[in-house]
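These notes concern the structure reproduced below.
Chain naming here is simple, since letters A, B, ... match the order of the sequence lines and numbering starts at 1 in each.
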Number of protein chains: 2
Amino acid sequence: MKRVAARKPSAAAARERLASWIASRGLKATRQRDLIVDTFFTQTGHLSVDELLDKVTARDSSIGAATVYRTMKILTDAGLASARHFEGGQTRYEAALDRHHHDHLICTSCGRIFEFENERIEELQARVAEQHGFRVTHHKLELYGLCKACQERQQ
Amino acid sequence: MKRVAARKPSAAAARERLASWIASRGLKATRQRDLIVDTFFTQTGHLSVDELLDKVTARDSSIGAATVYRTMKILTDAGLASARHFEGGQTRYEAALDRHHHDHLICTSCGRIFEFENERIEELQARVAEQHGFRVTHHKLELYGLCKACQERQQ
DNA sequence: TTTCATTTTGAAATTGATTCTCAATCTCGA
DNA sequence: TCGAGATTGAGAATCAATTTCAAAATGAAA
């Protein structure tokens, strides 16, 4: 029996889902796309295109930035990644397959990003929207500040 | 007795506050700054620099965009305006003097922006931060969707 | 009010993230 | 194997915002 490197279950699933999504719209599978997608799903956290590009070019230095941008857009359209626009200018992507909705805590010192879910806040948001006759499609809740470690470091 | 044009109470107060803020740091009062600040506080809502520049150049066509950018940065540093980064790329500014903290509902169809306050949500956010040992400096809560009017228009 | 160090200004150049363009190169079904 | 159509990488273009720089304005002191 062959030993296989451990890998997030979602990585394989994501590649499969992407393959059918690509096929279903007349797009084509390419070596570059595979490598980018594989690299993305092998990482954790919230990656900027720049950070992802670094990891990608480490494996194949001929891959250009434009292709990474294009691929992340496809992953997003396919619902396999989601784009986050935190403060700081760059878009960051996180894996979205089989993930619950969640919001973020962002440390403005070290840049680390923490996730949280809070059903009560969601309910209250829905109520606010309702009071205004709004039909909400998406929302953004981000808490910025100092994480525990950075507070202690600053003592 | 002289009749004076009606004006938001905050406008005059803001100009005054800005004057002392400017004086306190060795900056200088200028005609351009006055005009930009006056224009800004005479408007309501969430203005982009572009929109503000339009109003400003209508009164003095020689004023450049860089000066508007610079002036809004000063107003922000002085705590008299606050910068908001909604989806769509441009920064929008709103008057901040004597204003309570509030969050936003943004209509993705007509672009209108509505404000709301919700003390319960704030409390829950504080609790989430506490659970993570986070010291929050600021946060962002934005609900995107269709406003009432746009929903009806689409029927 | 003149002087003059300092700040401010407008225009144009620059930045940084992202998107677009285009010719060359792939992909995949017939 | 072919060939229509998709994809690629490099560099140009875009867009908001910032920076640069020489000329002009400000305001405190003389």
Phosphate OP1/OP2 of D/dT8: any A/R33 side-chain N/O under 4.0 Å: yes

Length of the CD1-P vector between A/I22 and C/dG29, whole Å: 13 Å

Ring geometry between B/Y144 and A/H138 (parallel below 30°, tilted from 30 to 60°, perpendicular above 60°): parallel

Hydrophobic cluster membership, A/I63 vs A/F41, 4.5 Å side-chain cutoff: yes

Spacing of A/L53 atom CG relative to C/dG16 atom P, expressed in whole Å: 16 Å

Short side-chain N/O contact to C/dT7 OP1/OP2 from B/T30, under 4.0 Å: no

Whole-Å distance separating the OH atom of A/Y93 from the C1' atom of C/dA17: 11 Å

Over 12 foreign heavy atoms within 6.0 Å of CZ, B/R84: yes

Closest listed nucleotide, where the reference is the side chain of B/Q32 and the choices are D/dA6, C/dT9, C/dA11: C/dT9

Euclidean distance, atom CG of residue A/L52 to atom P of C/dA17 [Å, nearest integer]: 15 Å

Enclosure of A/R99 CZ (heavy-atom neighbours >12, cutoff 6.0 Å): yes

Any B/K73 side-chain nitrogen or oxygen under 4.0 Å from OP1 or OP2 of D/dT18: yes

Distance in angstrom units between B/I63 CD1 and C/dT8 P, rounded: 15 Å

Residue whose nearest DNA chain C nucleotide is more 5′ - B/R25 or B/A65: B/R25

A/V49 or B/A29, whichever maps to the more 5' nucleotide of DNA chain C: B/A29

5' precedence on DNA chain D between B/R92 and A/I74 (nearest-nucleotide basis): A/I74

Polar pair under 3.5 Å, donor/acceptor by atom type, side chain B/K28, base D/dT26: yes

Distance-only donor-acceptor check, side chains B/E115 and B/H46, under 3.5 Å: yes

Residue closer to the 5' end of DNA chain D, B/R31 versus B/D50 (nearest nucleotide): B/D50

Sugar-phosphate, base or nothing in reach of A/S62, heavy atoms under 4.0 Å: sugar-phosphate

Atom pair distance, as rounded to whole Å: CZ in A/R70 and C1' in C/dT18: 12 Å

Rounded distance in Å - OH (A/Y69) to C1' (C/dT21): 17 Å

Spacing between B/E51 atom CD and D/dA17 atom P, to the nearest angstrom: 11 Å

